[in-house]
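Taking it in order: structure first as structure tokens, then the write-up.
Reminder, nothing fancy here: chain letters follow the sequence lines and each chain counts from 1.
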Amino acid sequence: MATNVLMPALSPTMEQGKLAKWMKKVGDPVKSGDILAEIETDKATMEVEAVDEGTLSAILVEEGTDNVAVNTPIGVIVAEGEDASAAAPPPNGSVSAKAPEPAKPGAADVAEKPQPAGVPIESAGPPTKAATHGLTGGAPAEAAPEVPEGTAFVSVTVREALRDAMAEEMRRDGDIFVMGEEVAEYQGAYKVTQGLLQEFGARRVIDTPITEYGFAGIGVGAAMAGLKPIVEFMTFNFAMQAIDHIINSAAKTLYMSGGQMGCPIVFRGPNGAAARVGAQHSQDYTAWYSSVPGLIVVAPYTAADAKGLLKSAIRSPNPVVFLENEILYGQQFDVPQLDDFTVPIGKAKVARPGKDVTIVSWSIGMTYALKAADELAKEGIEAEVIDLRTIRPMDTETILASVKKTGRCVTVEEGWAQSGVGAEIAVRVMEGAFDYLDAPVARVSGKDVPMPYAANLEKLALPNVGEVVAAAKAVLYR
Amino acid sequence: MAPALKTARPEANGSVPAPAKSNVPPFTKEEDFSAYSEMLMIRRFEEKAGQMYGMGLIGGFCHLYIGQEAVVVGMQMAQKQGDKVITGYRDHGHMLACGMEAKGVMAELTGRRGGYSHGKGGSMHMFSKEKHFYGGHGIVGGQVPLGAGLAFANQYRGDGTVAVSYFGDGAANQGQVYESFNMAQLWKLPIVFVIENNRYAMGTSVTRSSAQPDFSRRGLSFNIPGEQVDGMDVRAVRAAGAKALEWCRGGNGPMILEMQTYRYRGHSMSDPAKYRSRDEVQKMRDEQDPIEQVRNRLLNEHKAKEDDLKAIDAKVRSVVTEAAEFAQHDPEPDPSELWTDILL
């Protein structure tokens with residue numbers, strides 16, 4: 001009986017890949033465990049092993065083919081004695097699966113200007129108003145765009161944008177190095193550090209053992225001594241083991257030393273849920289880190305912001321927690337082609353202007369927010385979508401300016417609602433725009449459960465576009 | 001070539017071996033005077049801090065170094081300019097030994113603006129980049145990977161300096177210590193891990209907390225050489241420190257020194273010390289006091305004059321008195337300091 005060899009998935013989020021190389025020819029004998037072919041995605045390379053014995057009777061997808069969808073038959077193995085003609089027919093349709101549509105960049109992306117290099121805007125200071133908690137916002141949104149008119153754009157993935165940001169900064173400053181699990185020879189567990197070892201060598205691109213607590217502490221110590229480490233966590237779920245050094249050592253030392261001991265370090269990696277990885281690999285830590293004075297917390301959505309903000313984070317003299325998202329890594333966005341494109345820390349962006357309701361989100365939450373805005377537009381509701389980009393210091397003024405215009409506010413996050421970032425935004429809106437509100441602030445968040453594994457339950461646990469649409473309508477009393 | 005790995009003798013009963021009275025290289029008269037003066041400064045400073053704590057002038061936690069002075073003074077005598085030092089919360093002695101001013105340390109203890117951290121750090125959190133002192137860390141064991149990070153920076157820059165990370169027998173049981181041992185040896189980081197074994201992790205004796213009470217062996221599975229040192233004899237400390245620092249400076253990776261020492265006072269000022277007898281403490285003071293050892297050598301072997309020692313005593317007392325005066329009369333930090341030094 002002929003058996004089809006199918007294009008395997010390397011991860012739960014993989015939809016397609018490249019068939020890089022066939023290791024067997026048609027007619028070659030195959031036994032279980034033999035390597036048939038190599039496949040590549042943008043984050044990994046893997047060998048396809050045979051599970052059946054027989055003869056490779058047909059190759060259905062030639063090597064070098066891009067965009068082969070998962071589960072596409074790529075070859076046929078026939079058992080001994082069988083005729084090769086018994087092979088299954090080639091699959092109907094094209095082998096090149098439809099590429100996922102690049103996420104739509106925020107409308108304001110095309111109208112941004114570069115910040116002057118080396119001056120990320122950050123702020124921390126005494127309260128300016130009646131509130132006594134000392135929580136302060138970031139810089140007020142500037143009217144001027146971040147990219148000059150006439151700038152060319154190039155479409156890159158978030159993953160490439162992050163890598164480019166690190167490479168550009170490492171070329172600029174020899175004190176910057178990258179350390180973490182699999183960042184060097186493996187080229188990054190999610191391929192974010194791809195190529196860095198080849199360009200910068202093992203002295204500056206350092207594979208660590210699987211010891212988050214230890215290497216986070218070593219990174220902080222090196223930063224105290226004046227180096228500028230980029231510490232990659234394979235995911236922020238594992239950084240929970242290292243959170244002592246992130247908070248007790250990195251965030252607090254400047255204060256405890258009366259300003260002597262700065263800590264110029266970036267902790268980065270994917271945060272929050274990927275897909276089908278269960279509760280221990282799916283937590284969103286945005287709210288945890290955002291509650292800590294002495295830290296800067298950044299969570300970009302677009303590739304342009306990922307690049308511009310990571311460059312600003314690396315240049316920052318402060319400890320920055322840089323929260324990425326695995327699902328966004330492969331998404332493409334337009335990034336301005338500029339020699340030194342940075343995005344200021346502490347500044348939100350109006351990703352889509354509107355007048356009826358304000359939707360505030362960041363990171364992957366923006367995918368729900370922007371799609372919901374599209375849906376709402378079909379019903380004549382113009383939602384203004386704000387991409388927070390930096391969570392701490394929070395750009396309260398941009399939120400308030402929008403809410404004062406719309407009178408209604410919905411927050412969207414994948415993290416839990418209790419003590420979440422949405423809760424914080426709601427309070428700030430209450431404190432700063434109470435009289436402008438026409439409805440209570442609504443929160444859309446991850447459900448109050450550990451992340452389940454089953455596909456249907458996981459979908460239920462995460463926010464969705466429908467919930468954002470419903471929340472927006474609720475605050476509009478529609 | 002590397003000195004052979006010294007394996008401390010196995011202790012079948014798990015008890016802490018008495019410090020070996022080996023042949024230690026002698027000190028010159030000048031060296032003994034210097035060690036005496038440095039150790040006495042720490043002792044008198046700590047006595048004054050204890051007194052001021054009792055008067056309510058120092059708040060929070062206050063961990064005194066009395067009894068352990070020979071460790072940090074001996075190590076400091078072996079270090080070279082630029083070597084970085086980091087320690088835990090029992091840090092006053094380390095700061096004084098690094099050359100930080102008694103006034104600034106004491107004013108930090110009282111929470112005044114002239115303190116090293118402008119009153120915002122307190123007893124456990126002081127720093128001086130100028131003196132290569134990197135804290136002062138309050139989380140038990142935190143200074144071990146941080147110290148390895150300092151050593152990483154030394155190696156990255158190739159500046160030939162070594163980091164010295166001090167931690168106690170209690171911290172030596174923290175998991176992050178072994179993560180650091182692994183990476184330090186893997187990357188051959190120039191760091192001396194100084195385990196100050198003062199026999200009690202807060203109130204829990206070594207024998208009740210540690211499956212392997214010979215701390216010099218704690219790096220064996222990482223092939224980190226270790227040595228037990230009589231931490232009450234400043235000469236033994238300096239000799240072992242010099243050897244370890246040379247080992248690290250030579251690119252051989254880290255080394256562990258277990259300093260067998262003793263603290264006379266409680267874990268902190270609020271420790272009633274019910275876990276050990278007065279006799280035990282008294283016996284240690286009578287027989288092994290690090291300062292008395294030097295004093296006796298100065299008088300008996302170096303034929304120093306009693307007056308010379310008295311002059312040192314007087315000078316030390318005046319520095320400590322002046323520091324205490326300053327720390328009581330320096331103003332508290334300005335309220336605006338609440339909002340500074342959060343971010344750069």
Side-chain angles (χ1 to χ4, degrees), chain A residues 122-127 134 136 174-175 177 179 203-204 206-227 229 241-242 244-245 247-265 293-296 316-319 392-393, chain B residues 84 86 108 113 115-122 124-130 132 134-139 141-157 163 165 174-184 186-187 189 333 335-344:
Chain A
E122 292 160 13
S123 86
T136 49
D175 281 347
F177 67 94
M179 73 190 307
R203 175 173 169 266
R204 297 179 66 193
I206 301 153
D207 279 327
T208 63
I210 305 172
T211 54
E212 285 82 5
Y213 196 7
F215 72 69
I218 287 177
V220 173
M224 286 174 176
L227 297 182
Q241 303 230 24
D244 171 42
H245 280 299
I247 294 175
N248 272 318
S249 304
K252 296 178 184 172
T253 302
L254 181 70
Y255 195 82
M256 296 194 304
S257 66
Q260 276 189 76
M261 201 65 79
C263 191
I265 190 169
L295 286 181
I296 286 169
S316 169
N318 297 303
R392 169 182 273 272
Chain B
K84 297 180 175 71
I86 188 165
E108 189 62 36
R113 65 177 61 173
Y116 268 97
S117 300
H118 307 167
K120 291 155 79 166
M124 301 182 282
H125 312 294
M126 276 179 258
F127 308 80
S128 171
K129 268 198 174 169
E130 187 200 343
H132 310 287
Y134 286 79
H137 295 271
I139 305 297
Q143 71 272 32
V144 182
L146 295 174
L150 299 175
F152 179 94
N154 295 344
Q155 185 189 63
Y156 191 88
R157 294 189 170 116
S165 177
Q174 285 274 13
Q176 61 178 322
V177 169
Y178 298 91
E179 298 188 19
S180 307
F181 282 1
N182 182 42
M183 284 179 276
L186 187 66
W187 299 335
L189 299 182
S336 67
E337 280 280 323
L338 179 64
W339 299 105
T340 61
D341 306 323
I342 297 158
L343 293 175
L344 284 169

Minimum heavy-atom distance H245(A)-G142(B), with the two atoms named: CE1-O, 3.3 Å
query: Has the side chain of Y255(A) got a donor or acceptor atom that lies under 3.5 Å from a matching backbone atom of L338(B)?
result: yes
- prompt: Does any donor atom in the side chain of Q176(B) or Y213(A) lie under 3.5 Å from an acceptor atom in the other side chain?
  reply: yes
Contact winner vs chain A - G138(B), A163(B), P145(B), S128(B), heavy-atom pairs under 4.5 Å: P145(B)
message: Between T340(B) and chain A, with a heavy-atom cut-off of 4.5 Å, which part of the residue counts as in contact: side chain, backbone, both or neither?
response: backbone
Check: M183(B) and P209(A) side chains under 4.5 Å, non-hydrogen atoms: yes
message: So for E337(B), is it side chain, backbone, both, or neither that comes closer than 4.5 Å to the heavy atoms of chain A?
response: backbone
field: For L344(B) against P317(A), the heavy-atom pair lying closest together
entry: CB-CG, 3.7 Å
- prompt: Taking the side chain from S180(B) and the backbone from G214(A), do they hold a donor-acceptor pair closer than 3.5 Å?
  reply: no
message: Given heavy-atom pairs under 4.5 angstrom as the criterion, report whether the side chain, backbone, both or neither of I86(B) touches chain A.
response: neither
message: So for Q241(A), is it side chain, backbone, both, or neither that comes closer than 4.5 Å to the heavy atoms of chain B?
response: neither
query: S249(A) versus chain B, heavy atoms under 4.5 Å apart: side chain, backbone, both or neither?
result: side chain
message: Between L150(B) and chain A, with a heavy-atom cut-off of 4.5 Å, which part of the residue counts as in contact: side chain, backbone, both or neither?
response: both
